[in-house]
Amino acid sequence: MFASETRTWWTGREARPSDRRKWVKVFEACDEDKKGYLSREDFKVAVVMLFGYKPTKIEADSVMTSINSNASGICLEEFIKLMEKKKAAQLHQNEIRQIFTAFDRQYRGFLTLEDFKKAFKQVAPKLSERIVLEAFRLVLVF
């Protein structure tokens, strides 16, 4: 998609001002009672609004246990930090998907050793076949 282009404007360490504004608006919209924090259910609604999917119980539990145990929910700054991490992960996944699609030239949803060799021959023609085979084996492990 556009993941490779994102490096020029987003490092993954800090949010763009436009992202931060959007996250603040979503936080405020989901904090209906103006408590100053998001409950578990508020957080789920916020993720749906921002990323288009409802977090699983495991994901919501993980987030809720990662925040300050004295807090009643997720404050704005914690929410922004969580969204920064989520965006970075999403960009990384998009980049991986883009690379995979470039290698999967026949759109089968998987890569053969031959696909892998052809791709590396085009992008790194001087790379030894042994290294390409090792890389392919590493991909199989994941």
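What you see below is based on every heavy atom in this structure, not just the backbone, and it leaves out hydrogens, waters and symmetry mates.
- In terms of the side-chain hydrogen bond (donor to acceptor under 3.5 Å, both in side chains) criterion, Ser62 has no residue partners (sequence neighbours excluded).
- For the atom pair NZ (Lys85) and CD1 (Ile80), the distance works out to 13.5 Å, reported to the nearest 0.5 Å.
- Of all heavy-atom pairs spanning Gly36 and Asp31, the tightest one is N-OD2, 2.8 Å.
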Stepwise side chain to side chain contact (heavy atoms under 4.5 Å, CB included) test for Glu59 and Thr56: CA-CA 5 Å; Glu59 184 178 358; Thr56 64; 3.5 Å; yes

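- Linking Ile, Leu, Val, Met, Phe, Trp and Tyr residues whenever their side-chain heavy atoms come within less than 4.5 Å leaves Tyr37 and Met49 in two separate clusters.
- Between Glu134 and Arg130 a salt bridge is recorded (basic side-chain N to carboxylate O distance below 4.0 Å).
- In this structure, the salt bridge (Lys or Arg N to Asp or Glu O under 4.0 Å) partners of Glu41, at least two apart in sequence or on a different chain, are Lys44.
- Hydrophobic clustering (side-chain heavy atoms under 4.5 Å, transitive across Ile, Leu, Val, Met, Phe, Trp, Tyr) keeps Ile96 apart from Phe110.
- Residues meeting the side-chain hydrogen bond (donor to acceptor under 3.5 Å, both in side chains) test with Glu32, sequence neighbours left out: none.
- Residues satisfying the side-chain hydrogen bond (donor to acceptor under 3.5 Å, both in side chains) criterion with Lys57, sequence neighbours excluded, are Asp61.
- Here the shortest heavy-atom pairing between Lys54 and Val48 reads CA-CG2, 3.6 Å.
- Within 6.0 Å of the NZ atom in Lys35, the count of heavy atoms belonging to other residues, nucleotides or ligands exceeds 12.
- Shortest non-hydrogen contact noted between Lys87 and Phe51 is N-CZ, 4.4 Å.
- Taking CG from Leu82 and OG from Ser66, the interatomic distance works out to 5.5 Å, rounded to the nearest 0.5 Å.
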Counting only pairs under 3.5 Å, give me each side-chain donor-acceptor contact of residues 119-127, with atom names and distances, residues two or more places apart or in other chains.
none

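- Atom NZ of Lys86 sits in a crowded spot, with more than 12 heavy atoms from other residues, nucleotides or ligands closer than 6.0 Å.
- At a threshold of 4.5 Å between non-hydrogen side-chain atoms, the residues Trp23 and Glu84 count as touching.
- Lys34 contributes a side-chain N or O that, together with a main-chain N or O of Glu28, makes up a donor-acceptor pair within less than 3.5 Å.
- In this structure, Arg97 fails the cation-pi test against Phe100, since its NZ or CZ atom is not both closer than 6.0 Å to the six-membered ring centre and inside 45 degrees of the ring normal.
- Distance check: Thr112 OG1 to Phe103 CZ gives 11.5 Å after rounding to the nearest 0.5 Å.
- Within 6.0 Å of CZ on Arg20 lie no more than 12 heavy atoms contributed by other residues, nucleotides or ligands.
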Verdict with reasoning, Leu38 to Leu76, per side chain to side chain contact (heavy atoms under 4.5 Å, CB included): CA-CA 8 Å; Leu38 298 182; Leu76 177 60; over 6 Å; no

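- Of all heavy-atom pairs spanning Phe43 and Ile74, the tightest one is CD1-CD1, 3.6 Å.
- Pairing each heavy atom of Ile67 with each of Gly73, the nearest pair is CD1-O, 3.2 Å.
- For the pair Cys30 and Val45, the tightest heavy-atom approach, listed with the atom from each and the gap, is SG-CG1, 3.8 Å.
- Using a cut-off of 4.0 Å between Lys/Arg side-chain N and Asp/Glu carboxylate O, Asp19 and Arg16 are scored as salt-bridged.
- The backbone N or O of Asp104 lies less than 3.5 Å from no partner atom in the side chain of Asp115, so there is not a single donor-acceptor pair.
- Taking Lys117 as the reference, Glu129 meet the side-chain hydrogen bond (donor to acceptor under 3.5 Å, both in side chains) condition, with sequence neighbours excluded.
- In terms of hydrophobic clustering, with Ile, Leu, Val, Met, Phe, Trp and Tyr side chains grouped at heavy-atom distances under 4.5 Å, Ile58 and Val47 are assigned to different clusters.
- For the atom pair CD of Gln98 and CG of Leu91, the computed distance is 11.0 Å after rounding to the nearest 0.5 Å.
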